[in-house]
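All remarks here apply to the structure that follows.
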Amino acid sequence: MPYAGASADFYRRWQTALPGVKLHPVRLPGRGRDIGLSPIDDMERLTDLILSQLSGLFHTRFALLGTSMGGWIAFRLAQKLCLASGRHPASLFVCSAACPADRALIPRLTGLSDAQTLAVMATFNPASRNILQHPELASLFLPILRADFELCLNWMPDESYKLPIPIYGFRGQRDNIALEASMQQWQTLTTGIFRLVTVPGDHFFIENPAPGFFNHLLELISFGKGDTHPRRE
């Protein structure tokens with residue numbers, strides 16, 4: 001699952017670095033091939049749609065991975081799968097994702113003009129200036145960003161149900177959005193193993209991860225198959 005405003009297509013670049021793993025980037029409305037569809041700003045509607053799209057994949061061993069907002073989506077998907085279908089993911093991976101209860105840094109964009117939204121985003125995520133400074137690209141991305149931020153702000157996570165599966169977190173060492181203390185709080189949302197791994201990069205390290213990230217990821221994906229044990233971080 002992608003971060004706010006993004007398509008999940010960037011995950012396809014990971015495939016050669018993850019031998020033996022089949023990647024399934026999740027298509028969210030309003031971006032990529034589905035750019036003509038309206039983005040969804042409600043977590044329950046969005047996760048129900050994703051579950052219907054992925055239902056054919058749950059017959060095999062699988063894990064869920066999300067980046068930033070995508071980590072929250074993956075968490076809610078994992079809850080629904082564990083509660084309703086009995087098709088438990090092997091594990092949940094959250095990259096650059098603050099604990100769902102920690103939303104203090106997320107700005108509310110609804111009601112702001114395009115100029116005001118661009119100013120807010122330039123402060124919240126300076127890297128977004130490269131895209132949003134172009135009027136044509138901004139006109140495409142701003143509706144998606146508004147919907148995604150509304151989804152994050154309005155979702156009321158159920159933290160009373162703890163996942164019966166491991167949660168593994170990855171955080172860029174220069175991330176100033178998903179802070180280490182916040183990511184550590186994911187450990188309160190599982191009855192299983194929790195690990196937080198720090199890797200080179202910032203909040204968007206997943207766009208071009210260091211090779212060590214894939215080594216960690218492969219090791220943790222394999223954990224539970226009986227052939228390895230995760231290192232403590």
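Residues L77 and T47 approach most closely at CD2-O, 3.5 Å, considering heavy atoms. Considering all non-hydrogen atoms of both residues, L64 and A78 come closest at CD1-N, 3.7 Å. When every heavy atom of A97 is checked against every heavy atom of V94, the shortest pair comes out as CB-CB, 4.1 Å. Scanning both residues, L218 and A17, for their nearest heavy atoms gives CD1-O, 3.8 Å. Between I165 and S91, the shortest heavy-atom distance links the atoms CD1-C, 4.0 Å. Closest of all the heavy-atom pairs between F75 and P100 is CD2-CG, 4.3 Å.
Here the CE atom belonging to M183 is positioned 8.0 Å from the CZ atom belonging to R171, to the nearest 0.5 angstrom. Here the straight-line distance linking atom NZ of K162 with atom OG1 of T190 works out to 9.0 Å at 0.5 Å rounding. Taking CD of Q185 as the start and CD of E180 as the end, the distance is 11.5 Å to the nearest 0.5 Å. Atom CG in L92 sits 9.5 Å away from atom SG in C82 (nearest 0.5 Å). Between R13 atom CZ and L23 atom CG the span is 12.0 Å, to the nearest 0.5 Å.
Here Q53 pairs with V26, L49 under the side chain to side chain contact (heavy atoms under 4.5 Å, CB included) rule; sequence neighbours left out. Every residue meeting the side chain to side chain contact (heavy atoms under 4.5 Å, CB included) condition with I177, not counting sequence neighbours, appears here in chain and number order: F124, D175, H203. With sequence neighbours left out, the side-chain hydrogen bond (donor to acceptor under 3.5 Å, both in side chains) criterion links D202 to no other residue. Applying the side chain to side chain contact (heavy atoms under 4.5 Å, CB included) rule to D9 yields the partners S7, R12; only residues at least two apart in sequence or on another chain are considered. With sequence neighbours left out, the side-chain hydrogen bond (donor to acceptor under 3.5 Å, both in side chains) criterion links S160 to D158. With sequence neighbours excluded, no residue satisfies side chain to side chain contact (heavy atoms under 4.5 Å, CB included) with T60. Considering only residues two or more places apart in sequence or on other chains, S96 meets the side-chain hydrogen bond (donor to acceptor under 3.5 Å, both in side chains) condition with none of them. Residues passing the ring-ring contact (aromatic ring centres under 6.0 Å, His included) test with F213, sequence neighbours excluded: W14, F170, F205. T16 is linked by a side-chain hydrogen bond (donor to acceptor under 3.5 Å, both in side chains) to nothing, counting only residues two or more places apart in sequence or in another chain.
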Exercise. For M1 and M69, run side-chain contact (heavy atoms from CB on, under 4.5 Å): C-alpha distance rounded to whole Å, both residues' side-chain angles, the deciding distance at 0.1 Å, then the answer.
Key: CA-CA 8 Å; M1 274 60 74; M69 174 193 75; over 6 Å; no
**Prompt:** Is there a side-chain hydrogen bond (donor to acceptor under 3.5 Å, both in side chains) between E219 and Y168 once you walk through the steps?
**Reply:** CA-CA 11 Å; E219 179 185 29; Y168 301 118; over 6 Å; no
Checking F62 against H24 for the side-chain contact (heavy atoms from CB on, under 4.5 Å) test, could you report, in this order, the C-alpha distance in whole Å, the side-chain angles of both residues, the deciding distance, and whether it holds? CA-CA 10 Å; F62 68 97; H24 294 275; over 6 Å; no
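Side chain of Q15 to main chain of V21: a donor-acceptor pair is present (N/O by atom type, distance under 3.5 Å, no hydrogens or angles). The main-chain N or O of G70 is never found under 3.5 Å from a side-chain atom of T67 such that the two would form a donor-acceptor pair. No donor-acceptor pair under 3.5 Å is formed between the side chain of Y3 and the backbone N or O of G71. With hydrogens and angles disregarded, no donor-acceptor distance shorter than 3.5 Å links the side chain of S182 to the backbone of A178. A distance-only check finds no donor-acceptor pair linking the side chain of Q184 to the backbone of L196 [under 3.5 Å]. At least one donor-acceptor pair closer than 3.5 Å links the side chain of W72 to the backbone N or O of A98.
Screening residues 184-193 for salt bridge (Lys or Arg N to Asp or Glu O under 4.0 Å) gives no qualifying pairs among residues at least two apart or on separate chains.
Counting heavy atoms from C-beta on, the side chains of P2 and I73 never come closer than 4.5 Å. The side-chain heavy atoms of L81 and H88, taken from C-beta on, include no pair separated by under 4.5 Å.
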Show me the donor-acceptor pairs within less than 3.5 Å that the side chains of residues 143-154 make with the rest of the protein, sequence neighbours left out.
residue, atom, partner, partner atom, Å
R146, NH2, L112, O, 3.4
R146, NH2, D114, OD1, 2.8
R146, NH2, T117, OG1, 3.1
D148, OD1, R31, NH2, 3.1
D148, OD2, G5, N, 2.6
D148, OD2, R31, NH1, 2.9
E150, OE1, R108, NH1, 3.1
E150, OE1, N154, ND2, 3.1
E150, OE2, R108, NH1, 2.9
E150, OE2, T110, OG1, 2.8
N154, ND2, E150, O, 3.3

In a table with atom names and distances, give each donor-acceptor pair under 3.5 Å that connects a side chain of residues 33-42 to protein atoms at least two apart or in another chain.
residue, atom, partner, partner atom, Å
D34, OD1, R27, NH2, 2.8
D34, OD2, R27, NE, 3.2
D34, OD2, R27, NH2, 3.2
D42, OD2, E44, N, 3.2
D42, OD2, R45, N, 2.8

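L179 and I167 are assigned to two separate hydrophobic clusters, defined by single-linkage of ILVMFWY side chains at heavy-atom distances under 4.5 Å.
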